[in-house]
Amino acid sequence: MFEVAREKIRTRHLAFRTEQAYLHWIRRYVKFHGRKHPRNMGSAEVEAFLTHLAVEAKVAASTQNQALQALLFLYRQVLDVDLPWLENVTRASRPKRLPVVLSNAEVRSVLAQLDGTCWLMANLLYGSGLRLMEAHRLRVKDLLLDRGEVIVRDAKGGRDRVTVLPAAIIAPIREHLAKLFD
């Protein structure tokens with residue numbers, strides 16, 4: 001079943017992280033119900049699992065939603081079973097919080113604690129607005145130092161995009177690349 005799920009995920013060109021997350025939630029669901037095959041379970045078992053996540057495991061609402069999407073994918077795409085709408089699920093509550101934004105002084109303080117490659121990566125993340133995986137996947141040819149741009153290939157949504165390269169880190173990037181290629 002897991003190989004079929006993996007194949008269905010890959011034929012739909014979902015992200016590798018999505019594949020990992022979906023397979024994780026499918027495993028947890030099967031394990032939660034004593035290793036019964038999902039074909040022998042239905043919406044009551046899905047509701048019980050999702051309610052357990054919210055009430056006993058105290059997961060965040062987004063985590064519960066991710067588990068729900070993984071199970072819907074399992075039943076609809078892999079097992080070809082249409083579950084009736086899940087109405088008896090206790091939903092995890094979303095916290096009412098404002099986003100935390102660091103002041104310029106706080107950002108400088110955090111960056112001052114770093115050095116070397118970590119400092120360079122953190123500055124790139126902060127200054128270019130890159131996601132962590134986007135920064136890890138960067139290649140030298142994606143850094144347009146003369147134009148002050150970064151090409152982010154296969155970004156979220158599978159599209160390429162161009163973002164700014166902060167002028168303050170162009171010289172440190174050149175030094176870093178010189179060390180790597182000397």
Side-chain angles (χ1 to χ4, degrees), residues 2-29 53 57-74 76-78 92 94-182:
F2 291 105
E3 286 305 316
V4 174
R6 181 174 281 117
E7 179 185 325
K8 296 276 186 179
I9 290 169
R10 290 183 179 176
T11 57
R12 283 170 178 70
H13 303 291
L14 299 180
F16 179 65
R17 293 282 196 182
T18 304
E19 176 183 328
Q20 289 177 318
Y22 278 18
L23 292 176
H24 165 79
W25 286 115
I26 293 168
R27 278 188 200 96
R28 269 187 73 174
Y29 171 67
L53 289 177
K58 297 190 184 328
V59 300
S62 58
T63 304
Q64 187 187 36
N65 286 335
Q66 184 184 62
L68 171 62
Q69 292 306 312
L71 296 178
L72 288 176
F73 182 85
L74 169 69
R76 289 178 182 161
Q77 306 299 328
V78 178
R94 293 190 181 272
K96 305 282 189 271
R97 283 186 256 164
L98 292 174
V100 176
V101 178
L102 299 176
S103 69
N104 287 343
E106 291 169 326
V107 170
R108 277 192 217 99
S109 174
V110 169
L111 293 175
Q113 303 298 316
L114 303 172
D115 60 354
T117 307
C118 293
W119 178 87
L120 197 55
M121 287 281 289
N123 271 284
L124 192 59
L125 291 170
Y126 179 72
S128 298
L130 296 178
R131 294 175 179 88
L132 187 60
M133 288 307 296
E134 292 172 345
H136 279 283
R137 291 182 183 144
L138 271 183
R139 296 174 293 186
V140 174
K141 71 177 189 173
D142 297 333
L143 298 171
L144 306 175
L145 299 176
D146 296 333
R147 294 176 55 182
E149 295 178 348
V150 177
I151 299 173
V152 183
R153 301 195 188 277
D154 198 26
K156 191 169 183 177
R159 296 187 181 96
D160 293 352
R161 65 184 172 97
V162 177
T163 187
V164 296
L165 181 63
I169 65 169
I170 291 176
I173 287 176
R174 287 184 199 273
E175 291 170 17
H176 179 74
L177 294 176
K179 286 180 199 170
L180 290 177
F181 296 113
D182 279 346

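Computed from heavy atoms alone, side chains included, the values below leave out hydrogens, waters and symmetry copies.
Within a 6.0 Å radius of CD in Gln20, more than 12 heavy atoms belonging to other residues, nucleotides or ligands are found.
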Original post:
Between Trp25 and Leu74, is a side-chain contact (heavy atoms from CB on, under 4.5 Å) present by the stated rule, with each step listed?
Top reply: CA-CA 10 Å; Trp25 286 115; Leu74 169 69; over 6 Å; no
| query | Which is it for Ile173 and Leu165 under the side-chain contact (heavy atoms from CB on, under 4.5 Å) test, yes or no, and what are the steps along the way? | reply | CA-CA 10 Å; Ile173 287 176; Leu165 181 63; 3.8 Å; yes
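Leu138 is listed as a side-chain neighbour of Leu124, based on a closest heavy-atom distance under 4.5 Å. Residues Leu23 and Glu19 are in side-chain contact: their nearest non-hydrogen atoms beyond the backbone lie under 4.5 Å apart.
Closest of all the heavy-atom pairs between Asp160 and Arg153 is OD1-CA, 3.2 Å. Nearest heavy atom pair, residue Arg161 against residue Gly129, reads NH2-O, 3.8 Å. Between Val164 and Val150, the shortest heavy-atom contact is O-CG2, 4.2 Å. Between Gln66 and Tyr22, the shortest heavy-atom contact is O-CE1, 4.4 Å. When every heavy atom of Ala67 is checked against every heavy atom of Leu53, the shortest pair comes out as CB-CD1, 3.6 Å. In plain terms, the two heavy atoms of Leu114 and Ala122 that are nearest each other are CD1-CB, 3.5 Å.
Residue Leu125 holds its CG atom at 10.0 Å from CG of Leu120, rounded to the nearest 0.5 Å. A distance of 9.5 Å separates CG in Leu130 from CG in Leu132, rounded to the nearest 0.5 Å. Ile169 contributes atom CD1, which lies 10.5 Å from atom CE of Met121 (distance to the nearest 0.5 angstrom). Here the CD1 atom belonging to Ile151 is positioned 9.5 Å from the CZ atom belonging to Arg139, to the nearest 0.5 angstrom. Distance CD/Gln113 to CZ/Arg108: 14.5 Å, rounded to 0.5 Å. In this structure, the separation between NE2 on His13 and CD1 on Ile9 is 13.0 Å, given to the nearest 0.5 Å.
For Ser109 (side chain) and Ala105 (main-chain N/O), no donor-acceptor pair under 3.5 Å exists by modelled atom type. Looking at Arg28, its side chain never comes within 3.5 Å of a backbone N or O of His24 through a donor-acceptor pair. The closest donor-acceptor contact from the side chain of Ser128 to the backbone of Thr163 lies at 3.5 Å or more, if one exists at all.
A ring-ring contact (aromatic ring centres under 6.0 Å, His included) check over residues 118-170, counting only residues at least two apart or in different chains, returns nothing.
Between Glu3 and Arg6, at least one side-chain N (NZ, or NE/NH1/NH2) sits under 4.0 Å from a carboxylate O, which counts as a salt bridge.
Scored by the salt bridge (Lys or Arg N to Asp or Glu O under 4.0 Å) test, Arg174 finds Asp146 as partners (sequence neighbours excluded).
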